[in-house]
Amino acid sequence: MSITSQADLSGLQLISEAVGTTLKQMREYAQPGMTTKELDEYGGRILAALGAKSAPRLTYGFPGWTCISVNNEVAHGIPSDRKVLQEGDLVNVDVSAELGGYWADNGGSFVLGTDIHQHQPLVDASRQILRTALSRIRGGVRIADIGGLIENEARKSGYRVIKNLVGHGIGRSLHEEPSEIPCYYDRYNLKRFKKNSVVAVETFISTRATLAHQLSDGWTLATKDGSFVAQHEHTIVITDGQPIILTEANRIWE
């Protein structure tokens, strides 16, 4: 969407703070021995207390309030009472929701407890690459150029990017134009970021794989070769200068 009034900005700030706060508190609440279902129910209670409605549940009938992906899972992991979190797991939580007709999306990967499997460098790379990408986004910049930047930064860090998962426009619904903000240079994507528009930009940084594949549950996306992927995501408003980071309450850079 394109912001045309203070009411639009205020509405987006409200839902963005809700999803950002939920993500931060879920990250702090997670601990070894907890099921992903327990973590999701906790997130669902926070969203409800803030008056927000789960976007994946509202839009797609997703079987969870949030998406929780663990280790070789990349995205859209279904919360389960059979999946128990372990020390050193690579965990991704993605929280998107609606409030008052406005929508926001954010996500972040983190290492649970002690980093016994050495996932932290991957998490740090994904975080830093998102920060770098956002610092270059402004009205008129080609979307493909930001994708190329993400891909090049990943390569410099010794990683690759997932090519079939993308960022997107957001605001009045979960997915809007631009429909694709990839993590790689797509020379066929001629679109440019537009001032005052709202987008969700996300990094998918991988140890090896470049594609995520849907599992038999019909939702979860995972790597086939055992690769690990870290994802970080902010909802932003594009300006002539530095973007307004609406979901900064998630504190994913701290």
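Just so you know, these numbers use all the heavy atoms, side chains as well, and skip hydrogens, waters and symmetry mates.
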Any pair with a residue in residues 126-142 that passes salt bridge (charged side-chain N to carboxylate O under 4.0 Å, His left out), sequence neighbours left out, goes on the list, sorted by first then second residue, please.
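Those involving residues 126-142 are Asp124-Arg127.
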Pairs meeting criterion salt bridge (charged side-chain N to carboxylate O under 4.0 Å, His left out) with involvement of residues 225-234, two or more places apart
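The answer is Arg208-Asp225.
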Considering all heavy atoms of both residues, which atom of [X] and which atom of [Y] are nearest to each other, and what is their separation?
| X | Y | value |
| --- | --- | --- |
| Pro178 | Val199 | CD-CG1, 3.9 Å |
| Ala230 | Val123 | CB-CA, 4.0 Å |
| Ile143 | Pro182 | CG2-CD, 3.9 Å |
| Ile129 | Ile205 | CD1-CD1, 3.9 Å |

Salt bridge Glu28-Lys24, side-chain N to carboxylate O under 4.0 Å:
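Looking at Glu28 and Lys24, the cut-off is met.
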Suppose the criterion is side chain to side chain donor-acceptor pair (under 3.5 Å): which pairs have a residue in residues 156-166, not counting sequence neighbours?
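Applying side chain to side chain donor-acceptor pair (under 3.5 Å) to every pair that reaches into residues 156-166, excluding sequence neighbours, yields Glu153-Lys156.
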Any ring pair (Phe, Tyr, Trp, His ring centres under 6.0 Å) pairs touching residues 207-254, not counting sequence neighbours?
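The answer is Phe62-Trp219, His119-Phe228, His234-Trp253.
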Please determine whether side-chain contact (heavy atoms from CB on, under 4.5 Å) holds for the pair Phe193 and Ile146, giving the CA-CA distance in whole Å, both sets of side-chain angles, and the decisive distance to 0.1 Å.
CA-CA 10 Å; Phe193 289 104; Ile146 296 300; 3.6 Å; yes
For Ser80, side chain to side chain contact (heavy atoms under 4.5 Å, CB included) partners two or more places apart
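So Ser80 forms a side chain to side chain contact (heavy atoms under 4.5 Å, CB included) with Thr36, Arg82, Lys83.
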Among Gln231, Glu73, His76, find the residue that satisfies the side chain to side chain donor-acceptor pair (under 3.5 Å) test when tested with Asn92.
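The passing option is Gln231.
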Ignoring hydrogens and angles, state whether a donor on the side chain of [X] or [Y] is under 3.5 Å from an acceptor on the partner side chain.
| X | Y | answer |
| --- | --- | --- |
| Asn189 | Glu180 | no |
| His117 | Asn71 | no |
| Asp115 | Gln120 | no |

Using the salt bridge (Lys or Arg N to Asp or Glu O under 4.0 Å) criterion, which residues pair with Glu17? Sequence neighbours excluded.
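Per chain and number, Glu17 pairs via salt bridge (Lys or Arg N to Asp or Glu O under 4.0 Å) with no residue.
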For salt bridge (Lys or Arg N to Asp or Glu O under 4.0 Å), just list the numbers for Asp145 and Arg192, CA-CA rounded to whole Å, side-chain angles, deciding distance to a tenth of an Å, and then say yes or no.
CA-CA 9 Å; Asp145 289 341; Arg192 295 176 182 270; 6.0 Å; no
